[in-house]
Visitor: 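Pasting in a structure now, in structure tokens, and then I'll have a few things to ask.
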Amino acid sequence: MNHKLCKLFCICAIALSMIGCGTSDKEIEVPDLIRGAAPVYTDELIQIGMIQTGKESDWRDANTNDYLDTFVPERGYELIYIDGNSSSERQVKAMYDLIQQRVDYIILQPIVETGWDDAITEAKNAGVPVIVADRQVAIDNALYKAWIGSNFHEEGIKAVEWLENYLEEQGRQDEDIKIILLEGTQGATATIGRTEGLLEGISKHANWKIVDQGCANFTQGEGQTYMEALLESGKVPEFDVIISENDNMIFGAMKALERHGISYGPDGDVIMMSFDALHEAFEKMIDGQLHVSVECNPLLAGTIEKVIQELEAGNEIEKKYYTEEGVYDYTIAADYIDTRKY
Ligand code: AHR
């Protein structure tokens, strides 16, 4: 079998093996597993296997679409897109499949930082370059080519700075401030970094107290159920601020507050803060439901493409690339909403 035919056979084999997984697991949508595969294979295309976390948030959808729009045959790529379906085991399996297939590059967006030593070492030994994006992996960085993503710790610090300024503007800087912290997936860099940044900043204020802290996995549904359960438990009779580690969880929390007749946002009582700065967050800021969203940029594919082009040209690359991000609150949301890309 010549090289071209062998590669084509491998692509079919991996796609078929994943279709097999899909039929035994009703939650998996088969087309997503092979979405992005090029209709025509040529040796000129750079073959990229991309392992995504899942579909936990609207941020994630914007991030996925960015990859699907960037790594297209017309630009010289064949993308094999694999939805991790919020399962680390599934992501690791996908990594081994892609190594076996000898793709030209693997882009890994890990759900959690741990559990990657063996799979990424195997990729390195097999000569398949791995580029990590969005969240990080807790391994020796010599094992992968580069990481591209957000400074999550910095995002947490920015959120605290915004709250400090806001309370001062409101003349509430000396009040006791009770905070509920809704966290994302445990073990994910976005959660680790934001939580550390937030706790670091919050600890500097003797009059600020976290009255509840828990995980809602970055999903809107869990944001709502977590908040519903908390309100129904009566464990936290009073609170001033909800900080949610992404927009979707705060959208869910809003529904729970409404059901319990609690007013929120700049037009209400509870100070509402989140991360991502999705288009819908801008709408909610303009509508007086959300105070601020600290930006997390999902559009990573452009930088990754540049990194790949540098590697193709045999040039040196950086180990880490941070995206640029801002902070948007309800006072400026209307000025920016039309410029937002996600
Ligand atoms: O890792 C980035 C985070 O993951 C985003 O903040 C969140 O919305 C997503 O699901």
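Side chains included, hydrogens not; waters and symmetry mates left out as well; all remaining heavy atoms used. Just so you know, ligand 1 is whichever comes first in the structure, and atom 1 is the first atom listed for that ligand.
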Visitor: Mind checking salt bridge (Lys or Arg N to Asp or Glu O under 4.0 Å) for Asp212 and listing every partner two or more places apart, or none if nothing turns up?
Guide: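 Not a single residue meets the salt bridge (Lys or Arg N to Asp or Glu O under 4.0 Å) criterion with Asp212.
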Visitor: Could you check, using the six-membered ring where one of them is a Trp, whether Tyr67 and Tyr81 have ring centers closer than 6.0 angstrom?
Guide: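 Not close enough - the centres of the two rings lie 6.0 Å or further apart.
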Visitor: Please tell me whether Glu183 and Thr195 have a donor and an acceptor in their side chains that are separated by less than 3.5 angstrom.
Guide: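 Checked: Glu183/Thr195 side chains pair up, N/O donor to acceptor below 3.5 Å.
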Visitor: So for atom OH, which belongs to Tyr336, do other residues, nucleotides or ligands contribute more than 12 heavy atoms lying within a distance under 6.0 Å?
Guide: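 No.
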Visitor: Aromatic contact between Trp162 and Tyr328, with the criterion being ring centroids under 6.0 Å apart: yes or no?
Guide: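 Not close enough - the centres of the two rings lie 6.0 Å or further apart.
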Visitor: Closer than 4.0 angstrom, basic N to acidic O: yes or no for Lys55 and Asp83?
Guide: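 Yes.
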Visitor: Which parts of the protein, at residue level, reach under 4.0 Å of ligand 1 through a heavy atom?
Guide: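 These residues qualify: Glu56, Ser57, Trp59, Arg60, Asp134, Arg135, Ala190, Arg194, Phe218, Asn246, Asp276.
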